[in-house]
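The structure appears below as structure tokens.
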Amino acid sequence: MKKIRIGIVGLGIGQHHANGYLTHPSAEIVALCDMNPDRLKTVADNLNAANRYTDYKEMLAKEKLDVLSVCTPNSVHKEVTVAGFKAGCHVLCEKPMAMSADEAREMLAASKNAKKRLMIDFSYRFSEQSQALKAQVETGILGDIYFARTIWLRRRGIPGMGGWFTSKELAGGGPLIDLGVHRLDLALWLMGYPKPKWVLAGAYNHIASKLAKQNGKEYTVEDMAVGMIRFENGATLEVEASWASNIKENELMETRLLGTEGGLVQRNRNQGYDFEAELFVERAGCQFDMTLHPPVPGSHGAMYTFLEAIKTDTPHPATGEEGLIVMEILDALYKSAETGEPVKI
């Protein structure tokens with residue numbers, strides 16, 4: 001069996017990428033790159049990877065790779081992705097796709113010019129439960145979806161205060177672009193990625209700025225953002241994301257869809273990363289609630305799915321085109337929050 005040669009840049013979330021790839025029998029992780037030599041050594045030793053780099057440009061020049069995973073801070077997603085295409089790689093890029101829709105368009109153009117694949121790691125759509133919900137939606141059980149609400153709220157959960165996550169220059173934003181992007185893609189995917197028309201949003205920083213000041217740390221992004229998206233088909237979607245908000249739960253995630261024939265909800269349980277899902281329908285004048293029971297046969301994670309699409313020469317999900325739509329929405333949400341006005345897309 002021919003192996004698919006993989007390189008990974010950025011070994012924070014990149015460790016998760018490595019583990020995901022190794023679930024596929026054709027995966028061969030041949031090169032790892034991280035600017036932190038200690039982390040590079042630890043991860044590379046664990047993976048028994050011989051080819052180790054602190055400069056991704058050197059890695060791409062020396063290694064013949066089929067696939068590149070881009071797991072860097074958001075500010076260099078475009079740079080590393082475009083370099084990967086120039087080196088002849090298919091690219092799996094972490095979310096968010098880029099710092100802006102303009103950067104996302106450059107990445108997508110580079111993908112098409114190189115005739116290589118670009119996939120975005122919208123990981124929450126790849127869970128067994130999410131895949132099962134999508135299969136149900138595609139049967140038409142919900143009818144026409146006209147409203148959705150998708151949220152990821154934390155009571156206090158700011159990642160790396162003072163690091164790149166809390167720097168607008170390096171991350172592009174706060175919880176909306178970090179957490180909200182996951183739930184946004186999940187809702188859009190379940191809705192069939194309708195075309196957005198306009199948004200209205202607000203962004204706040206009432207809690208994190210105080211915490212940052214108390215700890216002498218830099219904090220230049222929002223700690224909470226909310227928005228409403230109106231689509232050309234008349235449907236609306238509400239999105240909420242926070243790293244710091246005065247709620248009861250430590251962590252609250254929920255995606256809810258309402259349709260003309262039924263509804264669904266996926267939510268986390270016990271304030272953690274275990275999820276439950278239900279469907280709500282009417283049958284013969286009676287209201288029925290249906291609970292999804294995993295496991296769901298045949299579902300795989302993003303990395304396995306990407307490699308399998310390459311191996312079988314079939315279309316892959318979570319495309320660069322969908323990543324661009326998400327970035328256009330995020331850009332518009334941030335602009336609306338800044339101006340206080342609706343923004344057309």
Side-chain angles (χ1 to χ4, degrees), residues 74 77 93-101 103-104 119-127 129-131 133-134 137 145-154 157 159 165 171-204 221-233 235-243 245 251-258 264-268 273 275 277 302 317-337 342-345:
N74 303 343
H77 278 188
C93 182
E94 254 305 314
K95 63 77 201 169
M97 182 174 174
M99 294 281 280
S100 67
E103 286 193 355
M119 179 169 159
I120 312 302
D121 184 25
F122 291 133
S123 57
Y124 278 76
R125 68 157 81 176
F126 289 96
S127 73
Q129 194 175 82
S130 295
Q131 293 286 321
L133 287 174
K134 179 65 169 176
V137 171
I145 299 167
Y146 57 86
F147 176 77
R149 179 173 181 253
T150 193
I151 65 174
W152 189 340
L153 305 176
R154 290 176 179 169
F165 272 102
L176 180 61
I177 204 171
D178 176 44
L179 305 181
V181 66
H182 276 303
R183 308 310 293 184
L184 180 58
D185 169 73
L186 180 62
L188 290 169
W189 176 62
L190 290 171
M191 296 172 77
Y193 259 85
K195 185 174 177 57
K197 187 174 182 180
W198 57 262
V199 309
L200 179 64
Y204 312 97
V221 296
E222 81 280 0
D223 64 15
M224 181 175 187
V226 299
M228 184 179 76
I229 305 146
R230 176 79 172 187
F231 300 98
E232 289 191 352
N233 66 2
T236 54
L237 168 62
E238 294 178 357
V239 59
E240 302 171 22
S242 76
W243 285 337
S245 53
E251 197 115 30
L252 177 61
M253 287 176 266
E254 180 178 293
T255 297
R256 184 180 296 272
L257 273 62
L258 301 182
L264 69 76
V265 64
Q266 183 199 65
R267 53 187 165 229
N268 67 323
Y273 288 75
F275 290 83
T319 61
E321 286 82 359
E322 289 174 342
L324 173 58
I325 292 170
V326 171
M327 289 311 308
E328 288 175 337
I329 291 173
L330 290 173
D331 280 2
L333 289 169
Y334 278 121
K335 184 176 180 181
S336 177
V343 172
K344 291 183 178 181
I345 297 179

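Within the 4.5 Å cutoff, no side-chain heavy atoms of T255 are placed close to those of Y124. Side chains of L190 and K134 form a contact here, defined as non-hydrogen atoms less than 4.5 Å apart. Residues F122 and T319 have side chains not in contact (no heavy-atom distance under 4.5 Å, counting atoms from C-beta outward). At a threshold of 4.5 Å between non-hydrogen side-chain atoms, the residues P317 and R125 count as touching. Taking the side chain as every heavy atom from C-beta outward, I145 and V137 approach each other to under 4.5 Å. K95 is not listed as a side-chain neighbour of V326, based on a closest heavy-atom distance of 4.5 Å or more. At a threshold of 4.5 Å between non-hydrogen side-chain atoms, the residues I329 and V239 do not count as touching. Annotation: side chain of M99 is not in contact with side chain of H77 (no heavy-atom distance under 4.5 Å).
Summarising the geometry of G227 relative to L333, their closest heavy-atom pair is CA-CD2, 4.0 Å, with the distance given to 0.1 Å. The shortest heavy-atom contact between G320 and I120 is CA-CG1, 4.5 Å. Here the shortest heavy-atom pairing between S242 and L179 reads O-CD1, 3.6 Å. Among all heavy-atom pairs drawn from G174 and Y334, the shortest one is N-OH, 3.3 Å. Residues W198 and K344 approach most closely at CB-CA, 3.9 Å, considering heavy atoms. Closest of all the heavy-atom pairs between S123 and H182 is OG-CE1, 3.3 Å.
Taking CD of E238 as the reference point, atom CZ of F147 lies at 4.0 Å (rounded to 0.5 Å). Atom-to-atom distance recorded for D223:CG and Y204:OH is 11.0 Å, nearest 0.5 angstrom. Rounding to the nearest 0.5 Å places CZ of R230 at 13.0 Å from CD1 of I345. Note that CG of L330 is 6.0 Å distant from CG of L184, once rounded to the nearest 0.5 Å. Distance check, rounded to the nearest 0.5 Å: CE of M191 to CD1 of I229 gives 8.5 Å. Atom OG1 of T150 sits about 6.5 Å away from atom CG of L237, to the nearest 0.5 Å.
Defined by atom type and a distance below 3.5 Å, a donor-acceptor pair is present between the side-chain atoms of E251 and W152.
Under a 3.5 Å cut-off, the side chain of Q129 and the backbone N or O of F275 do form a donor-acceptor pair. For the pair E222 (side chain) and L176 (backbone), a donor-acceptor distance under 3.5 Å is present. A donor-acceptor pair under 3.5 Å is absent between the side-chain atoms of S336 and the main chain of G202, judged by distance alone. Panel note: side chain K195, backbone F231; no donor-acceptor pair is recorded below 3.5 Å. Between the side chain of N74 and the backbone N or O of A171, at least one donor-acceptor pair lies under 3.5 Å.
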Stepwise, does the side-chain contact (heavy atoms from CB on, under 4.5 Å) test hold for N268 with Y273? CA-CA 6 Å; N268 67 323; Y273 288 75; over 6 Å; no
Working for side-chain contact (heavy atoms from CB on, under 4.5 Å), residues Y193 and D185: CA-CA 8 Å; Y193 259 85; D185 169 73; 2.6 Å; yes
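Heavy-atom contacts from other residues, nucleotides or ligands closer than 6.0 Å to NZ of K197 number 12 or fewer.
Salt bridge absent: R183 and E240 never bring a charged side-chain N and a carboxylate O closer than 4.0 Å.
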